[in-house]
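Below is one structure, written out as structure tokens; the observations come after it.
So you know, we letter chains A, B, ... as the sequences are listed, proteins then strands, and number each from 1.
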Amino acid sequence: MNEKELRRSMSVFPIGTVMTLTDLSARQIRYYEEQDLICPERNEGNRRMYSLNDIDVLLEIKDYLADGINMAGIKRIYELKEKEIEHEEKSTLTDEDVRRILQDEFLALRGMNLKGTSRFF
DNA sequence: ATTCTCACA
DNA sequence: TGTGAGGA
């Protein structure tokens, strides 16, 4: 890990700062952690300390939510990213294979979230 | 003043 | 997800 990645993964913000930066409630921020979407560290006083990477993820989650994707769907998206990384490391599949898989999953996600909604009318 | 965990008239 | 209690 280079210096740049190290800085982005350095936990330095208390939840209050993250709340104003992301416009999310403390409840939501802690809940997303419970869903393993972010992993803030704890300081001496058991206070959660967030990194720039955590904030980026939180902002992404907000976008997905705005697009009508639920928690189950968001979790699947990040699980796919992990698989994508595994594939890169093992170089088992071609980039095209991975792209096709991600594309299929994304379409499946939209279909899942479209059911029983009047959002588009 | 802030954040933490837990629980629900 | 909100919110309030009770402690640190």
Side-chain angles (χ1 to χ4, degrees):
Chain A
M1 190 182 284
N2 59 52
E3 227 176 278
K4 189 174 181 180
E5 294 172 18
L6 208 78
R7 276 195 298 269
R8 294 194 62 72
S9 60
M10 196 155 43
S11 302
V12 292
F13 310 104
I15 198 168
T17 301
V18 180
M19 287 175 69
T20 70
L21 256 35
T22 64
D23 197 42
L24 289 170
S25 67
R27 182 78 160 80
Q28 288 176 297
I29 296 173
R30 298 192 187 108
Y31 176 68
Y32 302 148
E33 171 186 359
E34 205 171 273
Q35 301 304 304
D36 296 306
L37 269 30
I38 53 176
C39 50
E41 291 172 15
R42 300 297 186 108
N43 62 15
E44 316 71 46
N46 193 41
R47 260 61 213 229
R48 269 169 270 247
M49 296 302 275
Y50 301 81
S51 69
L52 289 173
N53 282 323
D54 291 325
I55 294 177
D56 284 341
V57 173
L58 253 15
L59 258 16
E60 288 176 26
I61 294 174
K62 248 186 63 174
D63 289 336
Y64 288 133
L65 254 24
D67 277 329
I69 298 178
N70 57 41
M71 268 300 105
I74 295 178
K75 288 187 70 175
R76 287 174 55 185
I77 291 177
Y78 285 95
E79 286 169 5
L80 283 175
K81 284 190 178 181
E82 289 181 33
K83 291 181 181 178
E84 183 182 11
I85 292 175
E86 288 176 23
H87 289 159
E88 287 176 359
E89 295 174 335
K90 299 177 180 177
S91 62
T92 292
L93 301 176
T94 66
D95 290 344
E96 233 178 294
D97 289 329
V98 176
R99 185 189 57 67
R100 178 179 51 70
I101 293 173
L102 289 172
Q103 175 66 23
D104 291 345
E105 287 294 337
F106 185 68
L107 291 176
L109 270 177
R110 292 204 69 76
M112 179 181 84
N113 286 285
L114 272 165
K115 294 176 181 175
T117 307
S118 57
R119 175 189 333 123
F120 300 101
F121 299 105

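Salt bridge present: A/Arg7 and A/Glu3 bring a charged side-chain N and a carboxylate O closer than 4.0 Å.
Whole-Å rounding puts the A/Leu58 CG to C/dT1 P distance at 11 Å. For the pair A/Arg47 CZ and B/dT2 P, the interatomic distance rounds to 12 Å; values are reported in whole Å. The CG-P distance, from A/Asn46 to C/dA8, rounds to 12 Å in whole Å. Taking atom CZ of A/Arg30 as the reference point, atom P of B/dA7 lies 15 Å away to the nearest angstrom. Rounded to whole Å, atom P of B/dA1 lies 16 Å from atom CE of A/Met19. Atom P of nucleotide B/dT3 and atom CD1 of A/Ile29 are separated by 10 Å, given to the nearest angstrom. Look at CD on A/Glu41: it is 18 Å from C1' on B/dC4, rounded to the nearest Å. Note: CZ (A/Arg42) to P (B/dT3) measures 13 Å, nearest angstrom.
The closest side-chain heavy-atom distance from A/Leu58 to A/Gln28 is not below 4.5 Å. Side-chain contact between A/Asn53 and A/Val57 is absent, with no heavy-atom pair separated by less than 4.5 Å. The shortest side-chain heavy-atom distance between A/Ile29 and A/Tyr50 falls under the 4.5 Å cut-off.
For the pairing with A/Arg48, the salt bridge (charged side-chain N to carboxylate O under 4.0 Å, His left out) check across A/Glu34, A/Glu33, A/Glu41 returns one residue only, A/Glu33.
Here B/dT3 is the nucleotide among B/dT5, B/dT3, C/dT1 with the atom lying nearest to any side-chain atom of A/Pro14.
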Please tabulate, one pair per line, each protein N/O and nucleotide N/O from nucleotides 2-6 of chain C that are separated by under 3.5 Å, including the distance.
from	atom 1	to	atom 2	distance (Å)
C/dG2	OP2	A/Ser25	OG	2.7
C/dG2	N7	A/Arg27	NE	3.0
C/dG2	O6	A/Arg27	NH2	2.7
C/dT3	O4	A/Arg27	NE	3.1

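If you take CD1 on A/Ile61 and OH on A/Tyr31, they are separated by 10.5 Å, rounding to the nearest 0.5 Å.
The minimum heavy-atom distance linking A/Ser11 with A/Met49 is given by the pair CB-O, 3.1 Å.
Of the possible donor and acceptor atoms, none in the side chain of A/Asp67 sits under 3.5 Å from a partner among the backbone N and O of A/Ile69. Of the possible donor and acceptor atoms, none in the side chain of A/Lys62 sits under 3.5 Å from a partner among the backbone N and O of A/Leu24.
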Requested in this report: Dot-bracket notation for DNA chain C is requested: 5' to 3', Watson-Crick or G-U wobble pairs only, both distances under 3.5 Å, with ( ), [ ], | and . as defined.
Outcome: .|||||.|

